[in-house]
Amino acid sequence: KNTYIPLDIVFLDENGEIVGVHLNAKPESEESIESPAPAQYVIELDAGQASALALRVGDQFFDKTPTSWANKVFPIIFSNNFPGHSHFFT
């Protein structure tokens, strides 16, 4: 709800491992999207970015600290001309 563009939603556990990926969440949907496993973090990307980045369950997204991923991912997203609708929150 209150999201006006389609999103890919990536769920991460406390160690930065991807535990779920939901592709192409529908804009303005009231459908609840839950992680298939316990998750500490959620990253929302423009629809199609998770596939473009080849993000898969079991991948290690960051090591030890959540901020370590930003230096790896943001240059990839922006260098490939993906629009910059990315959020990171706990």
Side-chain angles (χ1 to χ4, degrees):
K1 190 174 178 178
N2 299 329
T3 301
Y4 303 106
I5 61 171
L7 297 174
D8 290 344
I9 302 171
V10 182
F11 298 95
L12 308 165
D13 69 11
E14 67 278 359
N15 297 311
E17 182 178 322
I18 296 175
V19 295
V21 179
H22 182 90
L23 301 175
N24 201 28
K26 304 293 180 222
E28 300 189 63
S29 173
E30 293 189 23
E31 173 190 1
S32 178
I33 299 171
E34 297 183 16
S35 176
Q40 179 70 34
Y41 306 100
V42 174
I43 299 170
E44 295 179 346
L45 303 167
D46 281 340
Q49 287 187 14
S51 294
L53 294 169
L55 298 178
R56 303 283 184 263
V57 171
D59 287 351
Q60 194 67 36
F61 199 73
F62 62 78
D63 299 318
K64 307 268 187 213
T65 60
T67 55
S68 68
W69 68 270
N71 292 329
K72 298 175 196 171
V73 174
F74 281 137
I76 294 169
I77 292 171
F78 295 116
S79 69
N80 286 315
N81 297 316
F82 293 114
H85 179 76
S86 300
H87 296 289
F88 180 74
F89 53 89
T90 58

Donor-acceptor contacts, no H, no angles, side chain residues 51-58, under 3.5 Å, sequence neighbours left out:
none

Anything under 3.5 Å between a donor and an acceptor, one on a side chain of residues 17-26, the other on a protein residue two or more places apart or in another chain? List them.
none

What are the two closest heavy atoms between [X] and [Y], and how far apart are they?
X     : Y     : answer
Gln49 : Asp8  : N-OD2, 3.2 Å
Val10 : Ala50 : CG2-CB, 4.5 Å
Phe11 : Glu34 : CZ-C, 3.9 Å

Any chance you could measure [X], atom [atom1], to [Y], atom [atom2], to the nearest 0.5 Å?
X     : Y     : atom1 : atom2 : answer
Leu7  : Ile43 : CG    : CD1   : 12.5 Å
Glu44 : Ile9  : CD    : CD1   : 5.5 Å
Gln60 : Asn15 : CD    : CG    : 6.5 Å

